[in-house]
S.K.: 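Input: one structure, supplied below.
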Amino acid sequence: MEDNKITEDSANKPKNFIREIIDEDMKTNKWQGKVHTRFPPEPNGYLHIGHAKSICLNYGIAKDYKGKFNLRFDDTNPSKEEQEYVDSIIEDVKWLGSDFENRIFFASDYFEQMHYWAIELIKKGAAYVDDASADEIRENRGTLTEPGKESPCRNRSVEQNLDLFEKMKNGVFKNGEKVLRAKIDMASPNFNLRDPIMYRILHAEHHRQGNKWCIYPTYDWAHGLEDSLEKITHSICTLEFENHRPLYDWFLDELNIHHPQQIEFARLNLNYTVMSKRKLLLLVQEKYVDGWDDPRMPTISAFRRRGFTPESIRNFAEIVGVAKRDAMTDIALLEFAIREDLNHCAQRVMAVLRPLKIIITNYPDSVEELDAVNNPEDLSMGTRKIPFSRELFIEQTDFMELPPKGYHRLVPGGEVRLRYAYIIKCEEIIKNDNGEVIELHCTYDPETKSGTGSSNKKVKGTVHWVSASHAVNAEVRLYDRLFTVEAPDSDKEKDFLEFINPNSLEILTGTLIEPSLKNAKPGDRFQFERHGYFCVDSKFTKNEKLVFNRTVTLKDSWGKKN
RNA sequence: UGCCUCAUGGUGUAAUUGGCAACACGUCUGACUCUGGAUCAGAAGAGUCCAGGUUCGAGACCUGGUGAGGCAGCCA
């Protein structure tokens, strides 16, 4: 391996305290120039944006330091884990572009080795089988200020421990009857060192091991071993494991095996949503949302379905940075990341969400094909033709009979430009019996055709439209934040479910889109001009019915003021 | 109450051996514009939780407070 102290890639990335530690390790040659990270999810739910931050962090470091990145499932608890979650996690990590090559591992594949090591600790007199019940163990663990009490089983002979542990493994005992504990220090100020449990009896079927085992390693016992086995150099995890580090260190030192360096960082919190898997699962189970990938969820699969790009998520992960203090990140940062990306790559298109019919009274009964630019940010994306005719639809909100000051769209007697077409003038308003405007009669000025430069006429506003006889009907789903408050799960009295936003989903069925979108495919992303970015939904779209999800709105400096 | 960790504009992060607070988002102006978008130009906004100390000099170091988060699962 080359003598690459700090690679160019790593030097060009924004610094954070973890990269600084690694830079230092490279200088001191602590790991012989190697960097090996991993992402170790438990397959008990779908991945969310917080996991995405961790994935990007770990993969980004491995990539920049020319190291390796593993995906490893921490599947040590058969009662909560499922294959469906394994599959979704693999899909999400791949989608994010984090390349684990062929290194996809399972903690459960290490059970044999862990069991062997447990026996080694027993033989050293560093672990013992305890007969105490869960309640007894809890009672004897002590409190914040008092030390715990040692179990009567603590000083069993090695032979007896070996025998009992063997029986545990062979299914002689029922769930909870015995546990294997590390023999450390019942008086430690760190609870994790008060003889933590290494194995519990669980007569349960494991999603990959079947019924091979009836004892399962606890996370605390297993996790460090998994990292050690995979020769991980930097075990990056979240803050809540800080207190566990001395325990992992203890196991690794007792076993005298490869000892990764654990580094803890603050998990991502986003306002107006929740990030705990337990709460997300509840939202799914209780049908507050349509599933883990409901576009209102903060899961990776939901962002994907909603139209986010992997690039935007990666960019977001970089923007928010890495530190040790708890933080609440503003959702505006995420919205910025996706707008920035889509602005450059999404094709522009015209769609009328809430149609208002207009008739161009002086336009002939014919159809004209007009040129429209696909993306003004990227002219190489070309142009397309859009049909223009005598009967059109514009947005209801683009006409006001009694406009407020500063409104510069269509008003009675006023003029506005139809994008890529002509300037029209509102001549007559047609209302129904309820006094609602249902149709507008307008005239157009043939001299003002877009692109001809034949008119010097200026208007304040430009409005999008579709041709009535050519437009395609579509369903559009508008999403708002799932919760009405910034931190729904931090209220002392109220449950987070009480803060659910009743208007987080609005379904529009009468939307009319320009005909060029007729053959759009699930996953295709567009900018509906003047509205925002939309993506063809992959779940509800059928052959005869297009359904769009609004990914994010355009910034709106007018709407904000009014 | 014990242990661990953290504390910088509204939000998220910077400030390499102590040298006079930077960047991004957001907000607000203005310019431009056939998207009230994008782009461009600019502005406001913190004196770094508090109090001492070391130093010519502290956001960085020391001491003591205060505040926040985590830990008493056979969850991870």
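Since we're looking at a predicted model, the values are computed, not measured. Chain A is the first sequence line, chain B the second, and so forth, proteins listed ahead of strands; every chain is numbered from 1.
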S.K.: Suppose we call a contact any N or O donor and acceptor under 3.5 Å apart; does that hold for the side chain of A/Q527 and the base of B/U35?
M.R.: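 When only heavy-atom distances are counted, A/Q527 does reach the base of B/U35 through a donor-acceptor pair under 3.5 Å.
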S.K.: Distance between the P atoms of B/C62 and B/A72, in whole angstroms?
M.R.: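 Per the computed distance, 30 Å lies between those P atoms.
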S.K.: Under a 3.5 Å threshold, yes or no: a donor from one side chain and an acceptor from the other, between A/N315 and A/E340?
M.R.: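 Side-chain D/A pair, A/N315 to A/E340: present.
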S.K.: Just by protein heavy atoms under 4.0 Å, how would nucleotides 21-29 of chain B read 5' to 3' in B, S and -?
M.R.: ----SSS--
S.K.: Rounded to the nearest Å, what distance is computed from the CZ atom of residue A/R530 to the P atom of nucleotide B/U33?
M.R.: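 That distance rounds to 18 Å.
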S.K.: Test of understanding: with ring-ring contact (aromatic ring centres under 6.0 Å, His included), list the residues that count as partners of A/Y444, not counting sequence neighbours.
M.R.: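 With neighbours one apart ignored, the set is A/Y363, A/Y422.
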S.K.: With P as the reference atom in both, quote the distance from B/C40 to B/C25 in angstrom, rounded to an integer.
M.R.: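 About 10 Å, rounded to a whole number of Å.
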S.K.: When the nearest nucleotide of RNA chain B is assigned to A/V459 and to A/P217 on a heavy-atom basis, which residue is associated with the more 5' position?
M.R.: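 The residue mapped nearer the 5' terminus is A/V459.
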S.K.: Reckon A/Y533 touches a base, only the sugar-phosphate, or nothing at all at heavy-atom distances under 4.0 Å?
M.R.: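 It contacts nothing in the nucleic acid.
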S.K.: Determine whether any donor atom in the side chain of A/R325 lies under 3.5 Å from an acceptor atom in the base of B/U13, or the reverse, and answer yes or no.
M.R.: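 Result: no qualifying N/O pair found.
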S.K.: In whole angstrom, what separates A/D135's CG from B/G73's C1'?
M.R.: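 Atom CG in A/D135 sits about 12 Å away from atom C1' in B/G73.
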S.K.: Select one nucleotide: of B/G36, B/G12, B/C74, the one nearest the side-chain heavy atoms of A/D556.
M.R.: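 The answer is B/G36, which lies nearest to the side chain.
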S.K.: Taking only N/O atoms, report every protein-nucleotides 69-71 of chain B pair under 3.5 Å with atom names and distance.
M.R.:
unit_1	atom_1	unit_2	atom_2	d
B/G70	N2	A/N243	ND2	2.9
B/G70	N3	A/N243	ND2	3.4

S.K.: Within the structure shown, what part of the strands sits under 4.0 Å from A/A132 by heavy-atom distance: base, sugar-phosphate, or nothing?
M.R.: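 Since a base atom lies under 4.0 Å of A/A132, the category is base.
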S.K.: Of all the choices, B/C75, B/G2, B/G12, which nucleotide is nearest to the side chain of A/V320 once you look at every atom?
M.R.: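 It is B/G12.
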S.K.: Between B/G53 and B/U13, how far apart are the two P atoms, rounded to whole Å?
M.R.: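 After rounding to an integer number of Å, I get 32 Å for this pair.
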S.K.: Report yes if the ring of A/H408 lies under 5.5 Å from the six-membered base ring of B/G36 with planes under 30°, and no otherwise.
M.R.: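 Here A/H408 meets both the 5.5 Å and the 30° conditions.
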S.K.: Can you tell me the distance, in whole Å, between the CG atom of A/L193 and the P atom of B/C3?
M.R.: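 Computing the A/L193:CG to B/C3:P distance gives 15 Å.
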S.K.: For B/G52, does the O4'-C1'-N9-C4 (purine) or O4'-C1'-N1-C2 (pyrimidine) torsion place it in syn, i.e. within 90° of 0, or in anti?
M.R.: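 Nucleotide B/G52 adopts anti.
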S.K.: Measuring only the C1' atom in each nucleotide, how far is B/U16 from B/U35? A whole number of Å is fine.
M.R.: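 Straight-line distance between the two C1' atoms is 45 Å.
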S.K.: Taking the six-membered ring for Trp, are A/W117 and A/F251 closer than 6.0 Å centroid to centroid?
M.R.: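 Ring-ring flag for A/W117/A/F251: false, centres at least 6.0 Å apart.
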S.K.: Do A/S312 side-chain atoms and A/I338 backbone N/O form a donor-acceptor pair below 3.5 Å?
M.R.: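 Not at all, since once roles are kept as given, no pair shorter than 3.5 Å links the two residues.
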S.K.: Check A/K425 with A/D445, please: is the shortest side-chain N to carboxylate O separation under 4.0 Å?
M.R.: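 Between A/K425 and A/D445 there is no salt bridge, as every charged N stays at least 4.0 Å from the carboxylate O atoms.
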S.K.: Applying side chain to side chain donor-acceptor pair (under 3.5 Å), name anything that partners A/N190, two or more places apart in sequence or on another chain.
M.R.: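 Testing A/N190 for side chain to side chain donor-acceptor pair (under 3.5 Å), a comparison that skips the adjacent residues, returns A/N192.
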S.K.: What pairs with A/S467 under side chain to side chain donor-acceptor pair (under 3.5 Å), at least two apart in sequence or on another chain?
M.R.: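 Applying side chain to side chain donor-acceptor pair (under 3.5 Å) to A/S467 gives A/S389, A/H470.
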S.K.: Does B/G42 adopt a syn or an anti glycosidic conformation, taking syn as a chi angle within 90° of 0?
M.R.: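 You should classify B/G42 as anti.
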S.K.: With a 6.0 Å cut-off on ring centres, are A/H531 and A/H464 close enough?
M.R.: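 Yes; A/H464 has its ring centre under 6.0 Å from that of A/H531.
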S.K.: Looking at A/F173, I'd like to know if the NZ or CZ of A/K167 sits under 6.0 Å from its six-membered ring centre while staying within 45 degrees of the ring's axis.
M.R.: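 No cation-pi geometry.
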S.K.: For A/K53 and for A/G461, locate the closest nucleotide of RNA chain B by heavy-atom distance; then report the residue assigned to the nucleotide nearer the 5' terminus.
M.R.: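 Nearer the 5' end of the strand: A/K53.
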S.K.: Using the P atom as the point on both nucleotides, what is the distance between B/A43 and B/C50, in whole Å?
M.R.: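 B/C50 and B/A43 have their P atoms separated by 28 Å.
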S.K.: Could you list the residues that satisfy salt bridge (Lys or Arg N to Asp or Glu O under 4.0 Å) with A/K149, not counting sequence neighbours?
M.R.: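 For A/K149, no residue satisfies salt bridge (Lys or Arg N to Asp or Glu O under 4.0 Å) once neighbours in sequence are set aside.
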S.K.: Any N or O donor-acceptor pair under 3.5 Å from the base of B/G73 to the side chain of A/R138?
M.R.: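 For A/R138, whose side chain was compared with the base of B/G73, there is no donor-acceptor pair (under 3.5 Å).
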S.K.: I'd like to check the ring-ring contact (aromatic ring centres under 6.0 Å, His included) partners of A/W213; sequence neighbours left out, ordered by chain and number.
M.R.: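 With sequence neighbours excluded, A/W213 shows a ring-ring contact (aromatic ring centres under 6.0 Å, His included) to A/F111, A/H115, given in chain and number order.
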S.K.: Reading RNA chain B 5' to 3', how would its secondary structure be written in dot-bracket notation, given Watson-Crick and G-U pairs with both distances under 3.5 Å, brackets [ ] for crossing pairs and | for partners on other strands?
M.R.: .((((((..((((.....[..)))).(((((.......))))).....(((((..]....))))))))))).....
S.K.: How many whole angstroms separate atom CG of A/L281 from atom C1' of B/A76?
M.R.: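 Taking CG of A/L281 and C1' of B/A76, I get 14 Å after rounding.
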S.K.: Taking the six-membered ring for Trp, are A/F526 and A/F534 closer than 6.0 Å centroid to centroid?
M.R.: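 Here the rings of A/F534 and A/F526 have centres that are no less than 6.0 Å from each other.
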S.K.: At a heavy-atom distance below 4.0 Å, what parts of residues 373-381 of chain A sit against RNA chain B?
M.R.: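 Of all residues in residues 373-381 of chain A, the ones placing a heavy atom under 4.0 Å from RNA chain B are A/P376, A/E377.
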S.K.: Between B/G12 and B/G26, how far apart are the C1' atoms? Round to whole Å, please.
M.R.: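 So the two C1' atoms sit 11 Å from each other.
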S.K.: Quick one: side chain to side chain donor-acceptor pair (under 3.5 Å) partners of A/R354, sequence neighbours excluded?
M.R.: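 A/E506.
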S.K.: With sequence neighbours excluded, tell me which residues meet salt bridge (Lys or Arg N to Asp or Glu O under 4.0 Å) with A/K405.
M.R.: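 Partners of A/K405 under the salt bridge (Lys or Arg N to Asp or Glu O under 4.0 Å) test: none.
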S.K.: Less than 4.0 Å between a side-chain N and a carboxylate O, is that true for A/D398 and A/R530?
M.R.: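 Here A/R530 pairs with A/D398 in a salt bridge, since their nearest N and O are under 4.0 Å apart.
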S.K.: Compare the minimum distances between each of B/U13, B/C74, B/U35 and the side chain of A/V179, then state the nucleotide with the smallest one.
M.R.: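 Given the options B/U13, B/C74, B/U35, the side chain of A/V179 is closest to B/C74.
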S.K.: For A/K460, which residues count as a salt bridge (Lys or Arg N to Asp or Glu O under 4.0 Å) partner, sequence neighbours excluded?
M.R.: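 Once residues adjacent in sequence are excluded, A/K460 has no partner under the salt bridge (Lys or Arg N to Asp or Glu O under 4.0 Å) criterion.
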S.K.: In whole angstrom, give me the gap between the P atoms of B/A22 and B/A15.
M.R.: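 To the nearest whole Å, 14 Å.
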S.K.: Pick the C1' atom in B/C32 and in B/C23, then give their distance to the nearest Å.
M.R.: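 That atom pair is separated by 26 Å.
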S.K.: If you look at every strand shown and take non-hydrogen atoms under 4.0 Å, does A/R417 touch a base, only sugar-phosphate, or nothing?
M.R.: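 Base contact.
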